[in-house]
Amino acid sequence: MHFFRYRGKDFYAEGVPVSRIAKQVGTPVFIYSHKTLNRHYEAFHKAFSGVPHIICYSVKANSNLAVIKTFVDEGSGFDIVSGGELFRALKAGADPKKIVFSGVGKTRDEIEYAIKKGILMFNVESPQELREINKIAGRLKKKTRIAIRVNPDVDPRTHPYISTGLKKNKFGIETEEAVKEYIYARRYLKNLEPVGVDCHIGSQITQLSPFIDALRKTRELVRLLRDQGIAISHLNLGGGLGITYEEERPPHPSRYGQAVIRETKGLDNLTLIFEPGRAMVGNAGILLTRVLYTKKGTMKNFIITDAAMNDLARPSLYGSYHAIKASKRRAGEELTADVVGPICESGDFLARGRELPALAPGDLLCVMSAGAYGFSMSSNYNSRTRAAEVMVKGRTYSVIRKRETFRDLIRGEVY
Ligand SMILES: *Cc1c(COP(=O)(O)O)cnc(C)c1O
């Protein structure tokens, strides 16, 4: 559910015609709907209202300060995977007591920074990392909460690049080995406080069963650890709930919530943590781009836009589908075309083999569901300035990130 739609002939973000934003801010531009962000957070929050829980929005899906601030205002916590994301979250006013830190390669500096800020806990992904945290916490004389991220060996049935809970993936620690790490942590109670069990099995998951499989395995681990006297107070089920890009029918957060609550009945004094990213921001954003040229090849038609794979990497990276809509609805003949960017790579496409109305230079296209892993994955490849970002609220909008300039491109460079 989102607030982007045609009103009459024109495409709107909430109460603002996207053509107005293009005129005033230029293209390409990411447009986010504030109301959609709120709605998604509340759907998640409500799904777990009956049990102690913390929603930790996964910052990497969209790390714009205004997006983070929107969730701060809702009372959200945050899942971070780098020192840079911690910096962003704190800048936007996040409560460190609701921040969890995931990732297989936390550096010493990042660990120290997070301990000093007093985050809720580290999601530890290897035995060596645990020893590093132990050492740094000892040096800083700050007792630090940890969860072990276990790899439950569950197939999330999603794209291989975003499946993270299989034995062959680099993430987490296998369950049996994880038990040893909890016992290690218990030996250093001066520095470490093992309070959580964590897992995150992948992204764009559109069925409930992989979540439930992972939950059953981690739930057993919570019991086992508690039996051994390790006071596990938090179970973190990660993120990964999918969204509709094309025809997918992912479970609504409320169904996900019901299933999780059912499966965790009987575990007392347990706070659930969730780390949704895509489900919170994916459908709350679009990428607005202008047609530069149209070109008829002998085998294919091409629509060349001013947005490219550096703005939205998902189609090139994962072969992902994003719906594309013209900002002006029109009847008439449709044409099958590839929508491509100006970058010098044949992998630079936003869509392939799409039926689109006849388009002309200057027309605007909306690339739908671009709020997650859109701008946050963008780059300056081909020395392209990164797009502007805009937040719409009702009938008004603000620029929440200025379009980059050529000066921005060379910042920090020396010859
Ligand atoms: C990326 C990530 C998430 C968010 O995943 P979504 O599929 O966007 O919900 C949550 N937790 C961890 C550890 C992640 O790496």
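In what follows, residues are counted from 1 in the order of the sequence shown. Atoms within a ligand are numbered from 1 in the order they appear, just like the ligands themselves.
- Annotation for ligand 1: atoms under 4.0 Å from non-hydrogen atoms of S102 are 13 (C).
- Not a single heavy atom of M280 sits closer than 4.0 Å to an atom of ligand 1.
- In this structure, Y373 counts as a contact residue of ligand 1, since one of its heavy atoms falls inside 4.0 Å of the ligand.
- Considering Q204, E125, R278, K60 only, the shortest heavy-atom separation from atom 14 (C) of ligand 1 involves K60.
- Among protein heavy atoms, the minimum distance from atom 13 (C) of ligand 1 is reached at E275 OE1, 3.4 Å.
- Proximity of T164 to ligand 1, defined as any heavy-atom pair under 4.0 Å, is not found for any part of the residue.
- Ionic pairing of R223 and E220 is present here: one or more N-O contacts between side-chain nitrogen and carboxylate oxygen are shorter than 4.0 angstrom.
- Contacts with ligand 1 closer than 4.0 Å are made by side-chain heavy atoms of H200 only, the backbone lying farther away.
- Taking a 4.0 Å cut-off on heavy atoms, A279 fails to register as neighbouring ligand 1.
- Looking at D306 and R290, no side-chain N of the basic residue comes within less than 4.0 Å of a carboxylate O on the acidic one, giving no salt bridge.
- Between the side chain of D73 and the backbone N or O of T70 there is no donor-acceptor pair closer than 3.5 Å.
- At the top of the distance list for atom 7 (O) of ligand 1, counting protein heavy atoms only, stands S203 OG, 2.3 Å.
- Using a 4.0 angstrom heavy-atom cutoff, A372 does not count as in contact with ligand 1.
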